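Worksheet for the structure shown next.
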Amino acid sequence: MTNQQLWQAVLGELELNLTKANFTTWFKNTAVSFVDGEKVIVGVPNTFTKAWLENKYHQSILKTLQKIIGGHIKEVVYKVELVKPQIGKTDVPAAATAVRAAAPSVASEAPANRFGLNPKYTFPSFVVGKNNELAHAAAQAVAKNPGKSTYNPLFIYGGVGLGKTHLLQGIGHAILEADPNKKVLYTTSEKFTNDYIQAIRSRTTERFKQTYRSPDLLLIDDVQFMAAKDGTQQEFFHTFNDLHQADKQIVMTSDRPPKAIPALEQRLISRFEWGMIADISQPDYETRIAILKAKCAEKGLELDQEIVNHIAVIIQNNIRELEGALNKIIAYEQFQHTPISLELVKRILESHVTSGRKSATPKQLINTVAAFYDLKLDELLGQSREKRLAFPRQIVMYLMRKELESSYPAIGHELGGRDHTTAMHAFLKITHEVETSDRLKQEIEQIKQRLYNN
Ligand code: ADP
Ligand code: MG
C-alpha cells in the first residue's frame, strides 16, 4: 500500500463526519508524504490549512490513522508543501478510483484531461439499475445525437453520490470517442461562477464568453450552486441561449429539480425544463450488489458473496460510500495482512452503522446553538427581532436545512411556528454570509463540532 492509498483510506473515513464543503476546503490538496515508525507527515497546501488541521482535525486524523495502520502511530506533523493533484494518472487505476471515492469534490475540481473529464467516468463503467435507467437512457440518447435531440438541455438530478457526475462525464467521453474533434467542456457551476467573477475583475469577459460559448457540448455539474447568485445566473442565461440556438448540447446536473432550486430565476427554471428532466434515485439492493461487484473487479478485490451482501445491506443510500467502504477494506487488507473475513468487514464498517452526521435531531441542534450563543431556549424560539437573537435563530434555520436536510415548512414549525419563507430567507442569507466571512464559517464549524461530538 502506498502513502497515497493510506491517505485515501483516511479521507474516506473523515469524509463521513464532515460536510462536503468543509471536507473540500480543508482536505483539498493534502497528502501523506512520509510514514516512519510512529510518525506521519501530512503535506498541506498552505499555512492556513496547516493551522486549521492542527487545531480542528488533528484528533480525528490521528485516530483514523491509528485505526488504519495501528496504535503505534503517535505523531502527525503537518507540513506545507506542494501537493500534486493525483487525478488522471492512468498508471495507478486503483488509487485513482480511491481518490474519487474518498474525495469526490476535491477530485472533480482537478481536471483529469484537457476537457476536465475523469477517465474512469465512462458509460461502460456505469452500472445501470432501476434507480438510474431513465437518466442513463437519456444520457445515451444525447451522446448519440448531441444538440439535435429533444433532450436539449438534459437535466439530471438526484442526491449526493448517486452517479450524476459519472453519467455527465460519460456523455463527454462517448461524444469524444465518436468524434475526437468535438469540443467538450465539463465544468461545475462553482467554477463557472468563479471564472465569471474573475473575468469581470480582470476585464476579460470576452475571453470568458469565448470559452463558454464555443463548445459543442457543455456539461455543467451541480447547477444548484447558482442559487441566489444573480450575476452568474444572468450570464449563464445568455450562455445557455447562445449554445441552444446554435444547436449545441447542454447537460446539467443538480441535487434537486429546477423548480426546487431556491432563488433561481424563473426564466432559467423554464429553460432548464425545456428538454428532458431525469432523476437518479437510490439504488436498490440488487443494484448495490451489481455496483459492488463491478467496483471489486475494477480494483482487483475478491470478496465472498456474503461479504458483498453485508456491505450492500449496511450501506444503502450512497454509491460513493459503497466505494469508500471497499477502499477501506483494501487498506486493511494491505496494512494488516489479514485475510478478509466477514467479521473483519463488520468491524471495519462499524463506523458506517453508528456514524452519521445526520444523526442529530432538531432539538439537539436548537439546544446546541442556544448554548453556543448563550441564550435561553425561549429567547431563541421567541418572537423578538433583536439582533442578538435573530441572528442565532437564522443560524439554527440554516443548519437545520444544511445539516439535517429538514424542509422549510418543518424548520418554520420547529422554530415556534414561523413561515417557511422565513426559513428559506434565513438559509439563503446565512449561506451567502458564510461564503464571505471566515469568522462565521468558523463559528458554524464549532457549532457543528459540538453538535456531533456530543
Ligand atoms: P454525484 O455526482 O451524484 O454526487 P458521482 O457521480 O460522483 O455522484 O458518483 C460517486 C461515485 O459512485 C463515483 O465514484 C461513481 O463512479 C460511482 N457510481 C455512482 N453511480 C454508479 C453506477 N451506476 N455505476 C458505477 N459507479 C457508480
Ligand atoms: Mg457530482
Side-chain angles (χ1 to χ4, degrees), residues 8 11-12 15-16 19-21 23-24 86-88 93-110 112 116-140 154-173 186-192 219-226 251-257 278-299 301 308 311-312 315-328 330:
Q8 292 320 321
L11 291 181
E15 193 194 5
L16 296 173
T19 62
K20 184 173 167 183
F23 183 74
T24 312
Q86 302 284 359
I87 323 300
T97 316
V99 172
R100 279 270 140 197
S105 37
V106 181
S108 59
E109 280 162 22
L117 301 178
N118 181 309
K120 305 216 68 136
Y121 288 0
T122 60
F123 283 151
S125 66
F126 190 84
V127 177
V128 184
K130 278 202 204 78
N131 63 314
N132 58 27
E133 61 188 348
L134 177 65
H136 177 259
Q140 293 226 307
L154 171 60
F155 190 100
I156 300 170
Y157 75 91
V160 172
L162 294 182
K164 300 183 298 295
T165 299
H166 188 141
L167 204 49
L168 184 68
Q169 297 202 2
I171 300 173
H173 284 298
Y186 167 85
T187 191
T188 63
S189 71
E190 280 155 318
K191 179 156 192 314
F192 183 88
L219 305 169
I220 180 152
D221 214 349
D222 291 320
V223 293
Q224 74 272 10
F225 291 124
M226 281 190 196
V251 187
M252 293 171 277
T253 72
S254 162
D255 66 350
R256 64 203 90 179
D279 75 320
I280 301 186
S281 56
Q282 292 178 351
D284 58 18
Y285 181 67
E286 288 71 25
T287 308
R288 294 201 297 280
I289 289 189
I291 290 173
L292 278 168
K293 287 196 169 151
K295 299 284 172 188
C296 282
E298 215 173 76
K299 294 171 203 285
L301 178 67
V308 173
I311 302 172
I315 301 173
Q316 305 206 339
N317 42 23
N318 185 324
I319 295 164
R320 188 173 293 147
E321 273 188 50
L322 280 181
E323 278 205 277
L326 290 181
N327 289 329
K328 267 203 245 175
I330 294 175

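For ligands, and for the atoms within them, numbers begin at 1 and follow the listed sequence. Position 1 is the first residue of the sequence, and the numbers go up from there. Excluded from the calculations below are hydrogen atoms, water molecules and symmetry mates; all remaining heavy atoms, backbone and side chain alike, are included. This one's a predicted model, so the numbers in the text were calculated from it and none came from an experiment.
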Quiz item: Okay, side chain of K164, backbone of M252: is any donor-acceptor separation there less than 3.5 Å?
Solution: no
Exercise. Could you establish whether H136 and ligand 1 come within less than 4.0 Å of each other, counting only heavy atoms on the residue side?
Key: no
Quiz item: Do V127 and ligand 1 have an N or O pair less than 3.5 Å apart?
Solution: yes
Quiz item: So which of K295, K120, E321 gets nearest to atom 26 (N) of ligand 1, if we judge by its closest heavy atom?
Solution: K295
Self-check item: K299/E323 ion pair, N-O < 4.0 Å
Solution: yes
Quiz prompt | Side-chain donor/acceptor of R256 to backbone N/O of Q224, under 3.5 Å | solution = no
Quiz item: What atoms in ligand 1 come closer than 4.0 Å to a heavy atom of G159?
Solution: 3 (O)
Quiz item: With only distance considered, is V128 within less than 3.5 Å of ligand 1 through an N or O on each side?
Solution: no
Quiz prompt | N/O/S from T165 sitting under 2.8 Å away from the Mg ion (ligand 2) | solution = yes
Quiz item: Can A294 be said to touch ligand 1, with heavy atoms closer than 4.0 Å?
Solution: no
Quiz item: Do I291 and ligand 1 have an N or O pair less than 3.5 Å apart?
Solution: no
Quiz prompt | Polar contact flag, side-chain donor to acceptor under 3.5 angstrom, D221-T165 | solution = yes
Quiz item: What are the atoms of ligand 1, with element, lying closer than 4.0 Å to any heavy atom of S125?
Solution: 24 (N), 25 (C)
Practice problem: Please say whether F126 places an N or O atom under 3.5 Å from an N or O atom belonging to ligand 1. | Solution: no
Quiz item: Mind checking whether F126 and H166 have parallel, tilted or perpendicular rings, split at 30° and 60°?
Solution: perpendicular
